[in-house]
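Some notes on the structure that comes next.
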Amino acid sequence: MRNAKIVCTLGPASDDTETIRALSAAGMSVARLNASHGTTDHRRTVLERVRSVDDETDSPLAVMVDLQGPEVRTAETDEPIHLETGSVVRFLEGDTATPEAVGLTHSIAAAGPGDTVLLDDGRIEATVEDVQDGTVTARIDSGGELASRKGVNLPGVAIDVDLVTPSDERELRLAAEENADFVAASFVRDAADVYTITDRLDEYGGGDIPVVAKIERAGAVDNLAGIVDAADGVMVARGDLGVECPLEDVPVIQKRIIRTCVDAGVPVITATEMLDSMIRSRRPTRAEASDVANAVLDGTDAVMLSGETAIGDHPVRVVETMDRIVREIESSDEYAETREQRVPTADDESRTEALARSARYLARDVGASAVVAVSESGYTARKTAMFRPGVPVVATTPTDRVRRQLAISWGVQPEYADYATDIEHVLDNAVEAAIDVGAAESGDTVVVLLGMMSGLDGTDTANTLKVHVAAETIAAGKSVVSGRTTAPLVRIPDGDLSVLERDSIVVLSEEFDGEFTGDLSRISGIIGARPGMTGYPAVIARELGVPMVSGVTLPSWIDDGEVATIDGERGVIYEGDVRQRSGDR
């Protein structure tokens, strides 16, 4: 199973239903709808297509509406224009662009002489010479082809633009009406901006939609701790960071953001130009493969594809390539080592974090195949993922929307499970989910973490941690001799062991009051219907060192010769062979 998730931007090359389905099959977990391009009505149509694909697939597929925000972009053009190095160009608000005058979505008149204007992620650079009546005149220092609607950055200059633009209002309304799974907020400066987006969503009826804060400005890096605390997720938007901050600072900023988010249990997405050459090429560069690998090694929850899937020639191939790179890194010793070295500490005031961290180490110590987080809101599952356990995290939830929202969290395999009325049904659902996703097999040990289930029959605490065996329980009684064994069940009414054709679990009725005759070495375990710890069968079990459970009458439907497992420590008899196999995986 892959831990780091893949976010794909949908665009002209990928927003039809067939391609969305293929992207999902290739490994896409979240479909990103970029509001900087296209129309709101078209995004509504694409969102509906994503939902239809999610309905027909087993793995959840979430939708993220990414707001354009107060971003300055160049005017829309049919063909690129060429800005000549050394030429003088005027920048002003407008909807046309020529080599002499470039229209912008917002005025940049806050700039002054000597300020730098960067176009298209810094590919074109200019220096301001004059500002008059809202028009900025600048000399092109490094020219090039300027395509339609490219980003404009002025490092160190505060552009006076409202955080939520009129176009953002339309996108927020769309997200609320269509129950989007996430909204990504662009150009967030501090925690107050995150709350502003949340409040505006609430006005449209979408106050429960998680907000992902995009870190794109140098000021946001300075306010990182507050933003992480306020947001439901964070995106490392390296494109704008790379023009807002010195380029050499971006790798360290990326690592700092990822580490801060992991320590806080907040999902983090690493974005921008991860496999950029694959927009046209069928193979990534070696540097791009290393870039993806480093983000995965740092512990990112998700990696994001932008133009590679939105406008690229091979969108599905790109996702398949990303999937292979991530899986290869996650199977390495280096990955396991970094994961073990970077386990966060639990908040002293959080019971859920304490239990989730304990679940991580408990799963390791008992050789569990998976941790199953039973979670109504997704909170417990996200906290489980926070501690990066060495086994899959299977999350069961009775809410389909929560199931989709967990698709962005590291290592979480979300599964829908109906509401259960008692603890036993909850555990059964948890085990079934682990088996369904392939995280465990019948007979494996799993660690189950129940979150906020105090209303269930049989529980009296808000959170419960339990080691559970993924198998059908035949019966339970009193542990006499600990240990675990698997063998055929054979009822011995009179103690005659000559009927044992091979090593077997001896089953004694309550009427048995004699002694064994024959080869004692054929006894692998003993199940006695008569309660007690000191009778003849108990003495023999201790002498032989084989597990024994007393006070158990097997159901009549259990036939002689059927294989079962005695767990002498728990006093439980399981159907079939449930000996721990985790060490062989």
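Residues: numbered from 1 along the sequence shown. The structure displayed is predicted, hence computed values, not measured ones.
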- Task: Would you check, one step at a time, whether the test salt bridge (Lys or Arg N to Asp or Glu O under 4.0 Å) holds for Arg139 with Asp130?
- Result: CA-CA 10 Å; Arg139 181 172 298 277; Asp130 186 40; over 6 Å; no
- Message: For Arg259 and Val262: C-alpha separation, side-chain torsions, deciding distance, then whether side-chain contact (heavy atoms from CB on, under 4.5 Å) applies.
- Response: CA-CA 5 Å; Arg259 187 61 188 162; Val262 171; 4.3 Å; yes
- Query: Run the side-chain contact (heavy atoms from CB on, under 4.5 Å) check on Leu61 and Leu23 step by step: do they pass?
  - Reply: CA-CA 10 Å; Leu61 181 57; Leu23 290 172; over 6 Å; no
- Task: For the pair Leu163 and Arg189, evaluate side-chain contact (heavy atoms from CB on, under 4.5 Å) and give the outcome as yes or no after the intermediate values.
- Result: CA-CA 9 Å; Leu163 175 68; Arg189 296 161 295 189; 4.1 Å; yes
- Query: Hey, mind stepping through Leu119 and Leu83 against side-chain contact (heavy atoms from CB on, under 4.5 Å) and telling me if it holds?
  - Reply: CA-CA 11 Å; Leu119 309 176; Leu83 300 184; 3.7 Å; yes
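Side-chain atoms of Arg342 never come within 3.5 Å of backbone atoms of Asp263 as a donor-acceptor pair (strictly under, hydrogens ignored). Using a distance-only test at 3.5 Å, with no hydrogens or angles considered, a donor-acceptor pair links the side chain of Asp181 to the main chain of Val63. Using modelled atom types, no side-chain atom of Glu178 and backbone atom of Arg44 make a donor-acceptor pair closer than 3.5 Å. Between the side chain of Glu216 and the backbone N or O of Phe187 there is at least one donor-acceptor pair closer than 3.5 Å. The backbone N or O of Glu93 sits nowhere less than 3.5 Å from a side-chain atom of Ser107 that would complete a donor-acceptor pair. A side-chain donor-acceptor contact under 3.5 Å links Asp347 to the backbone of Glu349. No donor-acceptor pair under 3.5 Å is formed between the side chain of Asn223 and the backbone N or O of Ala191. Checking side-chain atoms of Arg404 against main-chain N and O of Pro60 turns up no donor-acceptor pair under 3.5 Å. The main-chain N or O of Val188 is never found under 3.5 Å from a side-chain atom of Lys214 such that the two would form a donor-acceptor pair. Between the Glu308 side chain and the Ser306 main chain, a donor and an acceptor come within less than 3.5 Å of each other.
Side-chain contact between Val128 and Ile108 is absent, with no heavy-atom pair separated by less than 4.5 Å. Proximity of Glu145 to Lys150: side-chain heavy atoms (C-beta onward) are nowhere separated by under 4.5 Å. Side-chain contact check for Pro155 versus Val243: every heavy-atom pair is 4.5 Å or farther apart. Taking 4.5 Å as the limit, some side-chain heavy atom of Thr105 sits within range of a side-chain heavy atom of Arg149. At least one side-chain heavy atom of Asp323 sits less than 4.5 Å from a side-chain heavy atom of Arg2. Put simply, the side chain of Val131 reaches to within 4.5 Å of the side chain of Val136, judged on heavy atoms. Contact check for Ile197 versus Leu67: side-chain heavy atoms found under the 4.5 Å cut-off. Within the 4.5 Å cutoff, the side chain of Arg217 has heavy atoms near those of the Asn153 side chain.
Annotation for Glu56: atom CD counts as buried by contact number, over 12 foreign heavy atoms lying within 6.0 Å. Atom CD of Glu177 is surrounded by more than 12 heavy atoms from other residues, nucleotides or ligands within 6.0 Å.
Using a cut-off of 4.0 Å between Lys/Arg side-chain N and Asp/Glu carboxylate O, Arg382 and Asp232 are scored as not salt-bridged. No salt bridge links Asp54 with Arg51; every basic N to acidic carboxylate O contact stays at or beyond 4.0 Å. A salt bridge links Arg238 to Asp291: one of the charged nitrogens lies within less than 4.0 Å of a carboxylate oxygen. Comment: Asp208 engages Arg401 in a salt bridge, judged by a side-chain N to carboxylate O separation of less than 4.0 angstrom. Ionic pairing of Asp16 and Arg21 is not present here: no N-O contact between side-chain nitrogen and carboxylate oxygen is shorter than 4.0 angstrom.
Shortest non-hydrogen contact noted between Thr399 and Tyr416 is N-CE1, 4.1 Å. When all heavy atoms of Met64 and Ile269 are compared, the pair lying nearest together is CE-CD1, 3.6 Å. In terms of heavy-atom proximity, Val393 sits nearest to Thr384 at CG1-CG2, 3.8 Å. Nearest approach of Val50 to Ala62, heavy atoms of both residues: CG1-O, 4.4 Å. Ile159 and Ala110 get closest at one heavy-atom pair: CD1-CB, 4.5 Å. For the residue pair Glu71 and Gly151, the shortest heavy atom distance occurs at OE2-CA, 4.3 Å.
The structure places OG1 of Thr380 at 10.0 Å from CG of Leu406, a figure rounded to the nearest 0.5 Å. Within the model, atoms OG1 of Thr77 and CG of Asp95 stand 11.5 Å from one another, a figure rounded to the nearest 0.5 Å. Here Cys261 contributes atom SG and Trp410 contributes atom CH2; the two are 15.5 Å apart, rounded to the nearest 0.5 Å. Note that the CZ atom of Arg43 and the CG atom of Leu174 stand 7.5 Å from one another [nearest 0.5 Å]. To the nearest 0.5 Å, atoms CD (Gln68) and NE2 (His37) are separated by 8.0 Å. Rounded to the nearest 0.5 Å, atoms CE (Met304) and CE (Met235) are 4.5 Å apart.
Partners of Ala176 under the side-chain contact (heavy atoms from CB on, under 4.5 Å) rule, at least two apart in sequence or in another chain, are Tyr204.
Between Glu288 and Ser277, the side chains place a donor N or O and an acceptor N or O closer than 3.5 Å (distance only, hydrogens not considered). Looking only at atom types and distance, the side chain of Glu171 has a donor-acceptor partner in the side chain of Thr40 under 3.5 Å away. For the 3.5 Å distance criterion, the side chains of Thr165 and Ser167 qualify, holding a donor opposite an acceptor.
Put simply, the residue from Ile253, Val234, Val268, Asp240 that forms a side-chain contact (heavy atoms from CB on, under 4.5 Å) with Ile215 is Val234.
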